[in-house]
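What you are looking at is a predicted structure, and each value in this text was computed from that prediction instead of being measured. Reckoned from all heavy atoms, side chains included, excluding hydrogens, waters and symmetry mates.
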Amino acid sequence: KQQGRNTYRLYQAEMHVQHHQQLALETALRNTVESGVGLEMHYQPLVEHDGGGLHSAEALLRWTHPEFGVVPPSEFIPLAERSGLIVPLGDWVLARVCRQLADWRRAGLSPVPVAINLAAQQFMQPGLVEGVRTQLAAHDLPGHLLGFELTESTLMERGEQALETLEGLGAISGHVAIDDFGTGYSSLSYLHELPVSILKIDRSFIQGLGETRRSGAIVAGVGGMARELGLSVVAEGVETEAQRLALARFDIDLIQGYLTGHPVDAAGFERRWLRRKTP
Ligand code: C2E
Ligand code: CA
Ligand code: CA
Ligand code: CA
């Protein structure tokens, strides 16, 4: 019994430390969002499955804190969502990506469309579409250079506002993707009524390719249905040549993963992808 109580105390102490750390991290993130210092965008290529040509990029946020070091998105994005900081953070991402696209164009490069991830709270903001238009105009950018990724659960928000926002985003760029497909509970028959054009099959289904027959069946099924609905299909998290080869059997348009390119900073992306001579 004594030991049980000690274990409990220890547990409590641990919880206390954890809670304290979370608060410290939240405060740090709040300060970071205000100053923008320590935030950086990385860009990962999406390439054509046949031929390997560059199609577009996904913008992924990175945070380095002077005290906590590199904090992974898996940690600070959920924290930002819980604290509401995801809205100003998302604004920062939108502005930063637009500025980057404008910089690349000014340098005489032809950037590919860059897709940003939109969190549910950001998506539900009434001013989102207007904000996107404002940023595009401020940087003199055509809308097709921007893309948007929304997870299944975000898209399941069926309110009128959500549909209006989605239509607004679709009208701006036509590059609206369903992210992490297969991890939620949405049905393709519902999603096909929405103005989305790209479906990204979650990494968890790609991982097992060539190993278990079931993962192949899911990719085949989703790929086939998406094709019928006129959607482009992206395989996420392709890490090995074996996975890439396995994907050739299915109707996959695009691949994204460490095999074809890690997320890299703007300078790296420019060097490796935008200035690269066509093979
Ligand atoms: P996501 O949108 O599904 O992004 C893809 C994640 O998979 C990225 O992780 C990317 O680095 C990683 N990835 C890409 N290829 C591979 C691969 O071959 N193997 C493996 N194991 N991983 C791969 P990251 O950058 O750590 O981001 C994690 C999540 O954080 C993202 O998942 C997204 O949900 C969220 N996130 C990142 N940046 C932003 C942002 O600017 N705004 C919002 N709202 N969320 C973001
Ligand atoms: Ca994404
Ligand atoms: Ca994803
Ligand atoms: Ca994912």
Would you list the atom pairs, donor with acceptor, under 3.5 Å between side chains in residues 64-72 and any protein atom, with sequence neighbours excluded?
residue : atom : partner : partner atom : Å
His65   : ND1  : Glu67   : N            : 3.0
His65   : ND1  : Phe68   : N            : 3.1

Which donor-acceptor pairs under 3.5 Å do the side chains of residues 92-105 make with protein atoms, sequence neighbours left out?
residue : atom : partner : partner atom : Å
Asp103  : OD1  : Arg106  : NH2          : 2.8
Trp104  : NE1  : Glu270  : OE1          : 3.1
Arg105  : NH2  : Asp140  : O            : 2.9

Could you tabulate the donor-acceptor pairs under 3.5 Å formed by side-chain atoms of residues 30-42, not counting sequence neighbours?
residue : atom : partner : partner atom : Å
Asn31   : ND2  : Thr27   : O            : 3.4
Thr32   : OG1  : Ala28   : O            : 2.8
Thr32   : OG1  : Trp63   : NE1          : 3.2
Ser35   : OG   : Asn31   : O            : 3.2
Ser35   : OG   : Thr32   : O            : 3.4
Ser35   : OG   : Val37   : N            : 3.1

With a cut-off of 3.5 Å and sequence neighbours excluded, list every side-chain donor-acceptor pair involving residues 252-260.
residue : atom : partner : partner atom : Å
Asp253  : OD1  : Arg227  : NH2          : 3.2
Asp253  : OD2  : Arg227  : NH2          : 3.2
Asp253  : OD2  : Val233  : N            : 2.7
Gln256  : OE1  : Lys200  : NZ           : 2.8
Gln256  : NE2  : Gln44   : OE1          : 2.9
Gln256  : NE2  : Glu58   : OE1          : 2.8
Thr260  : OG1  : Gly257  : O            : 3.4

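Ser173 contributes atom OG, which lies 9.0 Å from atom CG of Leu136 (distance to the nearest 0.5 angstrom). Taken to the nearest 0.5 Å, the CD atom of Glu239 stands 6.5 Å off from the CD atom of Gln207. Note that CD of Glu160 is 11.0 Å distant from OG1 of Thr165, once rounded to the nearest 0.5 Å. Here the CG-CD distance, from Asp251 to Glu228, works out to 10.0 Å after rounding to the nearest 0.5 Å. Separation of atoms OG (Ser153) and CD1 (Ile178) is listed at 11.5 Å; rounding is to 0.5 Å.
Leu118 and Ile86 end up in the same hydrophobic cluster when Ile, Leu, Val, Met, Phe, Trp and Tyr side chains are linked at under 4.5 Å. No chain of hydrophobic side-chain contacts below 4.5 Å, direct or via other Ile, Leu, Val, Met, Phe, Trp or Tyr residues, connects Trp273 to Leu46.
Residues Gln161 and Glu164 are not in side-chain contact: their nearest non-hydrogen atoms beyond the backbone lie 4.5 Å or more apart. The closest side-chain heavy-atom distance from Leu60 to Asn117 is below 4.5 Å. In this structure the side chain of Leu150 never reaches within 4.5 angstrom of the side chain of Asp179, judged on heavy atoms. By the 4.5 Å heavy-atom criterion applied to side chains, Leu155 and Thr151 are not counted as neighbours. Inter-residue side-chain proximity for Leu61 and Phe76 is flagged as met; some heavy-atom pair is nearer than 4.5 Å.
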When you look at Leu199 and Val234, which way does the side chain to side chain contact (heavy atoms under 4.5 Å, CB included) test go after all the steps? CA-CA 6 Å; Leu199 193 149; Val234 183; over 6 Å; no

Please assess Glu149 against Ile116 for the test side chain to side chain contact (heavy atoms under 4.5 Å, CB included), listing each intermediate value before the final yes or no. CA-CA 6 Å; Glu149 298 194 358; Ile116 57 175; over 6 Å; no

Run the side chain to side chain contact (heavy atoms under 4.5 Å, CB included) check on Ile206 and Ile201 step by step: do they pass? CA-CA 8 Å; Ile206 309 304; Ile201 302 181; 4.1 Å; yes

Leu247 and Val219: CA distance, side-chain angles, deciding distance, side chain to side chain contact (heavy atoms under 4.5 Å, CB included) verdict: CA-CA 8 Å; Leu247 284 167; Val219 176; 4.0 Å; yes

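Nearest heavy atom pair, residue Ala57 against residue Tyr43, reads CB-CB, 4.5 Å. Scanning all heavy atoms of the two residues, the minimum distance from Val114 to Ala59 falls at CG1-CB, 3.8 Å. The shortest non-hydrogen separation linking Arg203 to Gly237 is CD-CA, 3.7 Å. Nearest heavy atoms, Ile198 versus Leu231: N-CD2, 4.2 Å. The minimum heavy-atom distance between Leu109 and Pro111, with the atom names listed, is O-CD, 3.1 Å. Gln22 and Leu79 make their closest contact through OE1-CD1, 3.7 Å (heavy atoms, listed as atom of the first residue, atom of the second, distance).
Looking only at distances, a side-chain donor or acceptor of Gln243 sits under 3.5 Å from a matching main-chain atom of Thr240. In this structure, Asp180 contributes its side chain and Thr183 its backbone to no donor-acceptor pair below 3.5 Å. At least one donor-acceptor pair under 3.5 Å links the side chain of Gln121 to the backbone N or O of Glu81.
Within a 6.0 Å radius of CD in Glu241, more than 12 heavy atoms belonging to other residues, nucleotides or ligands are found.
The list of ring-ring contact (aromatic ring centres under 6.0 Å, His included) pairs with a residue in residues 118-155, not counting sequence neighbours, is empty.
Grouping Ile, Leu, Val, Met, Phe, Trp and Tyr by side-chain contacts under 4.5 Å, direct or through others, leaves Leu23 on its own.
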